Amino acid sequence: FFRLFRALRIARPRTIIGFLPLGNVFGSTAAVFARIPRRIASQRSPGNTYGRIMRWLDFFAGSVGAYNGVVCVSGAVRDSFARYPGRYRKLLQIVHNGIEWRPSNLTRTQARAKFGLPEDAWIISAVGRLHAQKNYGFLLGVIAKAPDVLLAIAGDGPERAALEQQAAKLGIADRVAFLGLLD
């Protein structure tokens, strides 16, 4: 914290943008003391996923003016702060994460063949990091109740082994395709 404070005092940026709760809280607080005029917090995860102490620190920092603005990556993230004070909620803005979309030139049949997926199955796809925060375990539970549906998951992460075990335990391993990281 003190090294960051000193670096900000020397560099004197006009704006700092924090990422993730710890960066938001400590970065913005250091910036207040370093007299940095613009302090933006970036909320990429729902507020209720933070630990209790981090949630309280973020709540406090945003409520007392350590943040001048709070950028949320989705409406769901913004809505997770609904119980925060009005002063905090007034700072919330949505700036969606973006990707450069390149349409595929594959036909449906070619795309399914490329990923080893059956031609005639109903497929639900999910794309993202395999992390507890994404709650893929819930999705596996839904697939277990939908016997005619296959789930194709594009992505990888620390929860992959646990999700593969859960799929096996639910008896749906043959209906869940872990595609891994894809370009």
Side-chain angles (χ1 to χ4, degrees), residues 4 16-28 40-59 61-62 67 70-82 84 92-106 108 110-119 121-183:
L4 176 60
I16 64 110
I17 302 172
F19 289 90
L20 303 173
L22 187 63
N24 291 335
V25 170
F26 286 103
S28 292
I40 309 297
S42 174
Q43 301 291 13
R44 298 172 142 22
S45 306
N48 57 5
T49 64
Y50 307 157
R52 182 182 305 171
I53 293 171
M54 198 77 262
R55 195 167 47 243
W56 185 86
L57 289 171
D58 177 66
F59 177 100
Y67 307 155
V70 179
V71 174
C72 300
V73 299
S74 70
V77 169
R78 181 202 55 213
D79 294 347
S80 74
F81 296 96
Y84 277 45
L92 299 172
Q93 296 180 26
I94 299 172
V95 177
H96 294 281
N97 281 336
I99 60 169
E100 183 179 331
W101 178 254
R102 291 177 294 165
S104 174
N105 56 6
L106 298 177
R108 174 183 163 166
Q110 291 169 328
R112 287 179 179 232
K114 178 178 179 176
F115 297 111
L117 302 172
E119 172 67 29
W122 282 92
I123 299 175
I124 294 176
S125 60
V127 179
R129 180 172 44 102
L130 303 185
H131 189 277
Q133 172 188 31
K134 304 292 186 180
N135 204 6
Y136 281 99
F138 174 78
L139 186 53
L140 293 177
V142 170
I143 295 301
K145 296 175 183 175
D148 297 329
V149 176
L150 185 136
L151 173 63
I153 300 174
D156 212 342
E159 294 291 311
R160 181 172 180 156
L163 292 168
E164 289 173 337
Q165 290 174 0
Q166 182 181 356
K169 186 176 179 180
L170 290 169
I172 59 170
D174 61 327
R175 294 191 295 118
V176 179
F178 289 92
L179 304 175
L181 294 175
L182 302 174
D183 291 335

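We use all heavy atoms of the structure for the numbers below, so side chains are in, but hydrogens, waters and symmetry mates are not. What you are looking at is a predicted structure, and each value in this text was computed from that prediction instead of being measured.
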Would you give the length of the straight line joining atom [atom1] of [X] to atom [atom2] of [Y], rounded to the nearest 0.5 angstrom?
X      : Y      : atom1 : atom2 : answer
His96  : Ser74  : NE2   : OG    : 7.5 Å
Arg78  : Gln43  : CZ    : CD    : 13.5 Å
His131 : Thr49  : NE2   : OG1   : 9.0 Å
Tyr136 : Leu163 : OH    : CG    : 8.5 Å
Leu170 : Leu140 : CG    : CG    : 6.5 Å

Flag if over 12 foreign heavy atoms under 6.0 Å of CD1, Ile53: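 Atom CD1 in Ile53 is not crowded, with 12 or fewer foreign heavy atoms closer than 6.0 Å.
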
More than 12 heavy atoms of other groups within 6.0 Å of Gln133 CD: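 Counting neighbours around CD of Gln133, more than 12 heavy atoms of other residues, nucleotides or ligands fall under 6.0 Å, so yes.
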
Which atom of [X] lies closest to which atom of [Y], heavy atoms considered:
X      : Y      : result
Pro46  : Ser80  : CA-OG, 3.3 Å
Pro21  : Met54  : CB-CG, 3.3 Å
Arg55  : Asn48  : NH1-O, 3.7 Å
Asn24  : Ala41  : OD1-CA, 3.3 Å
Arg108 : Ala121 : NH2-O, 4.5 Å
Phe19  : Arg44  : CE2-NH2, 3.4 Å

N/O donor-acceptor pair under 3.5 Å between [X] side chain and [Y] backbone:
X      : Y      : value
Arg175 : Ala146 : yes
Asp156 : Leu130 : no
Tyr50  : Ser45  : yes
Arg112 : Glu119 : yes
Ser125 : Ala152 : no

Which residues share a ring-ring contact (aromatic ring centres under 6.0 Å, His included) with Phe59, sequence neighbours left out: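 Once residues adjacent in sequence are excluded, the partners of Phe59 under the ring-ring contact (aromatic ring centres under 6.0 Å, His included) criterion are Tyr84.
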
Phe178 side chain reached by Glu164 side chain, heavy atoms, under 4.5 Å: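 A side-chain contact exists here, since the closest heavy-atom pair is under 4.5 Å.
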
Test applied, side chain to side chain contact (heavy atoms under 4.5 Å, CB included); reference residue, Val176; option that passes from Leu139, Leu151, Leu150: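 Only one option passes, and that is Leu151.
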
